[in-house]
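The next block holds one structure in the form of structure tokens; read it before the comments.
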Protein chains: 4
Amino acid sequence: MTDGATARGRADMVRNRRRLLAAATEAFAECGTEVSMGEIAQRAGIAKGTVFRHFPSKNDLLAAITVQLVDGLIAAADRLRTADDPVTALREFMATGVEVLAADRAFCEVIGRPSLQLAEVRGAIDRLCATVDDLTERAKQQGGLRADVTGADIVLLLGGIHQTSLPLLEQDPQAWRRYLALALDGLCNTSATALPHPPPAPLLAAPPA
Amino acid sequence: MTDGATARGRADMVRNRRRLLAAATEAFAECGTEVSMGEIAQRAGIAKGTVFRHFPSKNDLLAAITVQLVDGLIAAADRLRTADDPVTALREFMATGVEVLAADRAFCEVIGRPSLQLAEVRGAIDRLCATVDDLTERAKQQGGLRADVTGADIVLLLGGIHQTSLPLLEQDPQAWRRYLALALDGLCNTSATALPHPPPAPLLAAPPA
Amino acid sequence: MTDGATARGRADMVRNRRRLLAAATEAFAECGTEVSMGEIAQRAGIAKGTVFRHFPSKNDLLAAITVQLVDGLIAAADRLRTADDPVTALREFMATGVEVLAADRAFCEVIGRPSLQLAEVRGAIDRLCATVDDLTERAKQQGGLRADVTGADIVLLLGGIHQTSLPLLEQDPQAWRRYLALALDGLCNTSATALPHPPPAPLLAAPPA
Amino acid sequence: MTDGATARGRADMVRNRRRLLAAATEAFAECGTEVSMGEIAQRAGIAKGTVFRHFPSKNDLLAAITVQLVDGLIAAADRLRTADDPVTALREFMATGVEVLAADRAFCEVIGRPSLQLAEVRGAIDRLCATVDDLTERAKQQGGLRADVTGADIVLLLGGIHQTSLPLLEQDPQAWRRYLALALDGLCNTSATALPHPPPAPLLAAPPA
DNA sequence: AATGAATGAGTATTCATTCAT
DNA sequence: GATGAATGAATACTCATTCAT
């Protein structure tokens with residue numbers, strides 16, 4: 001009986017966690033990081049206290065959700081590593097990344113707020129950068145990408161391209177396509193002068209103060 | 001007499017207003033738009049009520065500060081209209097713009113949040129775009145800039161370039177130089193295919209819902 | 001188990017709610033509608049946030065308290081429907097109503113301020129008028145009440161009689177008895193000329209602008 | 001020159017006071033006692049500080065305005081003392097009084113808030129009661145008014161009649177006519193039993209705690 | 001005498017977090 | 001493990017009143 005209860009409790013907990021993550025993902029995407037924990041609990045159909053049992057603070061929840069999103073991008077990059085045309089693969093990855101950002105208000109805010117101190121997110125982004133390095137290496141070998149850009153550049157550019165079109169988001173939700181194309185014109189310019197500043201080191205190497 | 005008395009009162013007011021604007025500029029830059037009016041008042045060394053006497057709402061204060069920043073950029077663009085090399089002028093303008101953004105958290109938030117309803121800011125940005133149009137026209141005539149980019153593109157790219165380097169801001173405050181160079185490589189690629197998406201319309205044409 | 005736990009939690013909540021309602025009733029009665037939520041919380045011995053957990057806004061709390069008072073009057077009218085002498089019953093009802101008003105500043109304010117937009121209160125008053133209609137009908141049938149007055153007239157007169165004696169409240173707390181008697185002399189004058197203005201329509205029929 | 005300036009200053013002050021009284025009368029009537037001193041100053045076209053020079057506190061201003069209104073009613077009662085039919089005169093006075101109340105939100109609030117401690121207002125009301133005593137005496141002599149009502153009763157009834165119809169003010173602005181008629185039916189019932197409670201003493205005899 | 005800038009206490013309301021059940 | 005009631009600090013904004021000019 002106690003065993004049964006515990007087993008039942010565990011199953012409930014797993015189900016609650018799943019619901020919570022789904023609700024939080026949706027709520028953060030729609031409303032940004034300022035959505036309240038109460039709203040998230042309500043969307044998940046669980047009690048507020050249960051949210052805090054699964055994640056001891058709002059930042060922890062936010063970090064978990066964000067890492068999940070980054071992991072999705074890692075998977076996408078992974079799938080594209082075997083594509084025929086590495087430049088097209090890179091373009092597709094970037095399009096996917098920008099679209100994910102455009103659909104998720106909180107993701108953008110987390111990316112853009114170094115003060116948020118989400119170490120796990122920085123780690124996930126470093127992993128993403130490493131995976132994208134594969135894509136960029138293949139594209140460079142094929143000669144379709146300039147030699148002095150790295151996976152980290154590509155990943156950082158996702159945020160930049162999205163931000164460029166963000167003020168237009170409501171009047172022209174596809175505007176990011178313009179700036180993605182423009183960025184690619186720079187990235188693929190294999191005869192350009194070398195960039196005047198070195199590529200970024202992994203984020204975890206220098207956690208924010 | 002009355003003039004003298006009023007003048008002295010006004011002098012105090014002007015001093016307070018200057019302090020307030022300085023404190024608000026600093027506080028918004030450091031802490032972003034969420035800094036409280038109380039904090040701003042404290043930094044300015046005046047009472048909370050005095051802040052509201054000068055600006056009837058937080059949004060009004062934020063708008064005033066932001067318009068001031070945009071006006072600074074307009075002045076910078078204006079000065080560069082007579083430079084010898086229009087492409088260099090454009091690069092310098094963009095460098096200035098990105099640096100302003102990098103130093104001001106609230107500015108970035110205002111730019112990137114179309115819902116903020118700060119009509120005056122939208123107007124100022126439209127004016128900035130128009131001024132930058134002059135820079136881009138000259139650069140295009142000289143053949144150093146692709147024909148299908150506009151002043152608005154350049155202005156939007158300021159936010160994008162800054163955002164690209166934002167995650168690196170603390171470990172490498174100059175990283176934006178790398179992405180500015182990359183963006184310019186795309187912008188100056190006069191033989192590139194035309195961009196796949198039209199340039200943005202003025203912001204004031206599409207007020208937020 | 002869960003039931004037990006919840007039951008105890010609920011018991012605390014019920015106790016707090018009771019305290020809150022008691023404190024709010026008292027505070028509104030003493031100080032009028034302008035008493036602050038903080039004062040009410042303090043009187044109830046609970047935190048400000050708890051007040052808002054029970055009632056999402058001050059208006060909601062005020063409406064709840066007021067409806068409770070009106071419901072008390074409805075119950076009083078209901079009890080008097082079976083009295084032997086319908087005119088005496090009406091007089092007793094009016095005495096009760098005026099006394100309730102005299103003891104409650106907020107009640108008077110709510111009644112007398114159509115702009116307050118408390119729809120539930122308007123509904124409760126309409127219900128009160130309907131109940132009092134029974135009393136007036138019986139009194140008319142018995143010939144002790146003029147035919148052209150309605151339950152709504154009686155209900156409105158409660159506020160009027162109280163207001164008449166309000167300036168005397170402190171020096172002569174029973175002064176309302178004088179004006180109640182005077183009003184009844186008018187109401188029971190069955191041979192008087194018909195009133196020159198029609199009786200009021202239900203309040204809910206004409207919500208405030 | 002100094003004389004001239006002083007003379008000029010005095011003329012200005014008189015003009016300012018007149019403007020202030022007019023603006024305050026209007027603002028209090030429209031908005032009730034909660035209208036802000038700033039709003040009143042603005043309507044008067046003078047500075048806030050000037051308002052406080054003329055009246056050291058908001059209550060003082062409110063008292064002055066209210067006394068003025070009561071004085072208007074005293075004048076009205078005075079004029080009606082020589083009317084042919086004393087009962088008609090009384091009815092006319094009461095209609096005037098109720099209409100004044102209906103047109104002035106602040107007046108009603110002052111009447112209905114004994115805590116406001118406006119001694120001058122209480123004095124003015126006592127004077128009004130004394131004047132109305134003349135009207136009631138004449139009506140009693142003519143046999144049209146019951147013997148046991150006083151001028152103070154009549155004055156207090158003005159507020160009561162107005163309050164009775166106040167909840168209907170928006171949907172039926174003339175509803176007070178119904179309740180004035182009803183009140184007069186009680187007042188003129190010369191064969192009624194004596195009222196069960198003595199008439200009010202002058203207000204100033206018992207200032208509020 | 002007039003001005004209006006400055007003050008600061010006061011208001012309703014929100015929300016992450018804690019904890020008794 | 002789950003609940004949700006309680007907390008209390010924080011926020012933008014208002015307004016009567018003061019006072020230096």
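All values below come from the heavy atoms of this structure, side chains included, with hydrogens, waters and symmetry mates left out. Protein chains get the first letters and strands the later ones, always in sequence-line order, with residue 1 at the start of each. Just so it is clear, the model here is predicted, and its values are computed rather than measured.
The residue B:Lys58 sits close only to the backbone: its heavy atoms come under 4.0 Å of sugar-phosphate atoms, none of a base. Counting non-hydrogen atoms under 4.0 angstrom, D:Val35 reaches the backbone sugars and phosphates but no base. In this structure, B:Ser36 reaches the sugar-phosphate backbone alone: every heavy-atom distance under 4.0 Å involves primed, P, OP1 or OP2 atoms, never a base.
Applying the side-chain hydrogen bond (donor to acceptor under 3.5 Å, both in side chains) test to every pair with at least one member in residues 19-28 of chain C, sequence neighbours left out, gives these pairs: C:Glu26-C:Arg43.
Summarising the geometry, the separation between CZ on C:Arg15 and C1' on F:dA6 is reported as 11 Å, rounded to the nearest angstrom. Atoms CD1 (A:Ile40) and C1' (E:dC15) sit 12 Å apart, rounded to a whole Å. Atom CE in B:Met13 sits about 16 Å away from atom C1' in F:dC19, given to the nearest Å. Between the CG atom of C:Leu20 and the C1' atom of F:dA6 there is a distance of 13 Å, rounded to whole Å. B:Arg19 places its CZ atom 12 Å from the C1' atom of E:dA6, with the value rounded to the nearest Å. Regarding D:Ile46, its CD1 atom lies at a distance of 7 Å from the P atom of E:dT3, rounded to whole Å. Distance CZ (C:Arg53) to P (F:dG8): 15 Å, rounded to an integer number of Å. Distance C:Glu39 CD to E:dA12 P: 11 Å, rounded to the nearest Å.
The local environment of CZ in C:Arg18 is sparse, with at most 12 non-hydrogen atoms from other residues, nucleotides or ligands closer than 6.0 Å. No more than 12 heavy-atom neighbours from other residues, nucleotides or ligands sit within 6.0 angstrom of CD on B:Gln42.
Both B:Gly45 and A:Gly38 sit near DNA chain E, but only B:Gly45 has its closest nucleotide nearer the 5' end. Both B:Val51 and A:Phe52 lie close to DNA chain E; mapped to their nearest nucleotides by heavy-atom distance, the more 5′-ward contact belongs to B:Val51. Mapping B:Met37 and A:Val14 onto DNA chain F by nearest heavy atom places A:Val14 closer to the 5' end of the strand.
When atom types are taken as modelled, the side chain of A:Lys58 and the backbone of A:Ser36 share no donor-acceptor pair closer than 3.5 angstrom. No donor-acceptor pair under 3.5 Å is formed between the side chain of C:Glu109 and the backbone N or O of C:Gly32.
Of the candidates E:dG4, E:dT13, F:dT17, the closest approach to any side-chain atom of D:Ala47 belongs to E:dG4. Proximity note for B:Lys48 (side chain, C-beta onward) versus E:dG10, F:dA16, F:dA6: the nearest is E:dG10. Listed nucleotides E:dT3, E:dT7, E:dT14 differ in distance to D:Thr50; the shortest reach to its side chain belongs to E:dT3.
Nucleotide E:dT14 forms a pair with F:dA9, judged by Watson-Crick or G-U wobble geometry with both contacts under 3.5 Å. Base pairing of E:dA9 is made with F:dT14, judged by Watson-Crick or G-U wobble geometry with both donor-acceptor distances under 3.5 Å. In this entry E:dT21 has F:dA2 as its Watson-Crick or G-U wobble partner, both defining distances falling under 3.5 Å.
For the pair C:Asn16 and F:dA5, the criterion of a side-chain N or O lying under 4.0 Å from OP1 or OP2 is not met. Contact annotation: A:His54 side-chain N/O to F:dG1 OP1/OP2 distance is not under 4.0 Å.
Residues passing the side chain to side chain contact (heavy atoms under 4.5 Å, CB included) test with C:Asp104, sequence neighbours excluded: C:Ala29, C:Leu69, C:Ala106, C:Phe107.
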